[in-house]
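Right, one structure below, let's go through it.
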Amino acid sequence: MAKSKRNKSENGNRVKFDDQTVNQAQGGETHQLASDDQPVLTTQQGTPVSDDQNTLRIGERGPIALEDFHFREKIFHFDHERIPERVVHARGYGAHGYFENYESLADVTAADIFQRAGEQTPVFVRFSTVAGNKGSFDLARDVRGFAVKFYTKQGNWDLVGNNIPVFFIQDPIKFPDIIHAAKQEPDRAFPQAQTAHDNFWDFISLMPESMHMVMWIMSDRTIPRSFRFMEGFGVHSFRLVNAEGESTFVKFHWKPKLGLQSVVWNEAVKINGADPDFHRRDLWDAIQMGDYPEWELGMQLFDEEFARKFDFDILDPTKIIPEEVIPVRRVGRLVLNRCVDNFFAETEQVAFCTQNIVPGIDFTNDPLLQGRNFSYLDTQIKRLGGPNFTHLPINAPKCPMHHFQQDGHMAMMNPQGRVNYEPNSWDTETGPRESAENGFRSYPAEEAGPKLRIRPESFADHYSQARQFYISQTDVEQNHIANALVFELSKVEKPAIRSRMVAHLLNIDEDLANMVAAGLGLKSIPEAAQAAQPTRQDLKASDALSILKNAPQSFKGRKLGVLVTDGVDADLFNALKEAAEAEGAVLEVIAPVISGVEASDGTWIEAAQKVDGGPSVLYDAVALLISESGAEALLAEPTARDFVADAFAHMKFIGYTEAAEPLLEKAGVSLDEACVKLGEKADAEKFVETCRALRFWDRRSKMKAKP
Ligand code: HDE
């Protein structure tokens, strides 16, 4: 960066850069002036700047002159750099890509985006957490937002979903309450990005309708390994409307091509310290490497008759339609292939609005959806400062727009010419006019009835699907749900809240309630909570609800952490690298020093992490390629011990050389079939194949503490 044009001057205090004078006291040698072929730094008005290091003074040690417009402009702009963060989903990360339609869906929808097989539509996607503020950590136990803006040829369609298919509440009037209860408590302003506190569980335990969502948030769905390994859901029932005006109900799903994977809670806690940006880094890295994340768009399609017959109200956002009842039809794929150029301009300023739909798609009476249609537009005006946020490139449609809306803060696209109203008689040939045929038309659903503040009777079953979710999980996952509940409720100070939650759990599953009660050390088991409707015991388990039943048998897209020392067997290292790359995984080197190590054949291996900065929680599997000569120094390094002990405790596959055995022993590892000895090149391939199982859950039965 510094071009050494320094010219030590005779007077000592001043240094000459070409014809310019720079004060040496500020370290004149560290900055560079524009050369002939470089742009000159300017103010926002384009005025060239001569000195960006010093304010304008009256005398060398005198006051700053108010006329220093460059200083004033720079500070003024800096003072206004922040906009209000999103009141929920403040922390997020976005990327560009496209949606590719597999087949024409003209039979069910007139939406232009779904008419032609193979057609690609540009998209922008933003993933987020809900409760944390903007600077919070990525692996909070929290719902993830999965918001997609499709720039279709007939306008922007925003599908603003989550990675969980249900929500806490049935009526939007409760949204401020649930969010207030979940976020930091108002007097103390903590805890940050966690639901493990009194206010949250106080509210939840008074809201039986949230019990289905509680099962999901206490499962590993809320600690995903990566955005790339999680599902997305539109949550509400929407309508598709075809050219004949016929309506079909639809629930939207996003299915990750890499399958589902989550971390375990003990890992999440440690990842938040080791790399608070774990998820955004993962997305950024994958896209930069050309390993583009993909999801398939799925639709559960059903008609009025099914809606009438279904055991639950399809308008109730606390209910799912099991995939076994209506299979998910995969209709296209979403590919994220471009990182943003500027985080603020794109990810921060993107304004999703559930009201943004296109002809061929329509709302239903899901009360939450209707409430959202008010909230999102309202919130964007607050966040982005005026009605013209649609002019920002990230929000502007990519199809032609013609309207007579004008003026307002920061207007950048005012219509030209004399005509700014309609009807008019000026531009009858060329001016924009409404089109009954091509314009958006609401599905003419018939609505009638008395005006009431009321919750429909069909929304009254709060426990049956919560139970269905729980019984659909593997043993490991059921245990994680119980542990998560014990963890969260142990952070609650008021014992009555803990009991109240156990009372609800009794309506979901007795074993679960007993496990949680035991974990909390409850002195007595409370009565089951009063239920508006009894829990149905006949709902069948649904495999689609389990993460582990949907894990891929592949190590693709995962990360292998290889701890190396000087003298590492070069052949073995190279074989492991080749095997990992052939699988589509990434190998990252961790070494005692960041510069790397010298391998047995004299080649240099660069390191990505120093051992204390690259704990094993950042990797899906680990290998310890330790040489005889390097073993001793690592034994004295506590973080090397933690590296191994954590990998073992987190059920990871561990490859190791003979020289690593003392380190394994020191870490308390009792070798099992997921610990693979690496000697020959062939072992490397075998090890990577083993890693396809992602975790060795059988280890749990032998461990006392079970993460
Ligand atoms: Fe949101 N939600 N929400 N929400 N939501 C917002 O809009 C709101 C709900 C979701 O990456 C806000 O632009 C109400 C369900 C995502 O920018 C706000 C209700 C689902 C994002 C808002 C809900 C979501 C938001 C805050 C109950 C899953 C982030 C900032 C009726 C289907 C989008 C903003 C992004 C953001 C209101 C419930 C998903 C305040 C009133 C259900 C992914 O308008």
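Both ligands and their constituent atoms are indexed starting at 1 by order of listing. Heads up: numbering here begins at 1 and tracks the sequence.
Residue Val87 has at least one heavy-atom neighbour below 4.0 Å for each of these atoms of ligand 1: 40 (C). If you number the atoms of ligand 1 from 1 as listed, the ones under 4.0 Å from a heavy atom of Pro172 come out as 31 (C). Of all atoms in ligand 1, numbered sequentially from 1 with element shown, those under 4.0 Å from a heavy atom of Gln380 are 13 (O), 34 (C). Residue Asn162 approaches ligand 1 through these ligand atoms, each under 4.0 Å from one of its heavy atoms: 20 (C), 28 (C), 39 (C), 43 (C). When each atom of ligand 1 is checked for a heavy atom of Gly145 under 4.0 Å away, the hits are 43 (C). Atoms of ligand 1 found under 4.0 Å from any heavy atom of Val235 (numbered from 1 in listed order, with element): 28 (C), 32 (C).
Of the heavy atoms in Val160, both backbone and side-chain atoms come closer than 4.0 Å to ligand 1. At a heavy-atom distance under 4.0 Å, atoms from both the backbone and the side chain of Tyr376 approach ligand 1.
Going from atom CD of Glu324 over to atom OG of Ser472 covers 7.5 Å, rounded to the nearest 0.5 Å. Note that CD of Gln349 and CZ of Phe389 are 11.5 Å apart. Values are rounded to the nearest 0.5 Å.
Scanning Phe146, Phe252, Phe168, Phe175 for the heavy atom closest to atom 14 (C) of ligand 1 points to Phe175.
The nearest heavy-atom contact from the protein to atom 43 (C) of ligand 1 is Gly161 O, 3.2 Å. The protein atom (non-hydrogen) at minimum distance from atom 11 (O) of ligand 1 is Arg126 NH1, 2.7 Å. The single protein non-hydrogen atom nearest to atom 24 (C) of ligand 1 is Arg372 NH2, 3.0 Å, given as residue, atom name and distance. Scanning the protein heavy atoms around atom 18 (C) of ligand 1, the nearest turns out to be Ser375 OG, 3.6 Å. Scanning all protein heavy atoms for the shortest distance to atom 26 (C) of ligand 1 gives Val88 CG2, 3.6 Å. Among protein heavy atoms, atom 17 (O) of ligand 1 sits closest to Arg86 NE, 2.7 Å. Scanning the protein for heavy atoms near atom 25 (C) of ligand 1, the closest one is His89 CD2, 3.2 Å. Looking at atom 34 (C) of ligand 1, its nearest protein heavy atom turns out to be Thr379 CG2, 3.2 Å.
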Tell me, with the steps shown, if Asn133 and Lys183 meet side-chain hydrogen bond (donor to acceptor under 3.5 Å, both in side chains).
-> CA-CA 9 Å; Asn133 295 343; Lys183 288 192 82 130; 3.3 Å; yes

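Listed for the Asp171 side chain is no donor-acceptor partner under 3.5 Å among the backbone atoms of Arg455. Within the 3.5 Å criterion, the main-chain N or O of Arg333 finds no donor-acceptor partner in the side chain of Glu294. The backbone N or O of Asn356 sits nowhere less than 3.5 Å from a side-chain atom of Asp158 that would complete a donor-acceptor pair.
Counting only heavy atoms from C-beta outward, the side chains of Asp277 and Arg91 approach each other to under 4.5 Å. Side-chain contact between Val148 and Leu297 is absent, with no heavy-atom pair separated by less than 4.5 Å. Residues Lys491 and Gln194 are not in side-chain contact: their nearest non-hydrogen atoms beyond the backbone lie 4.5 Å or more apart. Side-chain contact between Phe124 and Thr347 is present, with at least one heavy-atom pair separated by less than 4.5 Å.
Among the backbone and side-chain atoms of Thr354, none of the N, O or S atoms lies under 2.8 Å from atom 1 (Fe) of ligand 1.
Using a 3.5 Å distance cut-off with no hydrogens or angles, the side chains of Thr222 and Arg141 do pair a donor with an acceptor.
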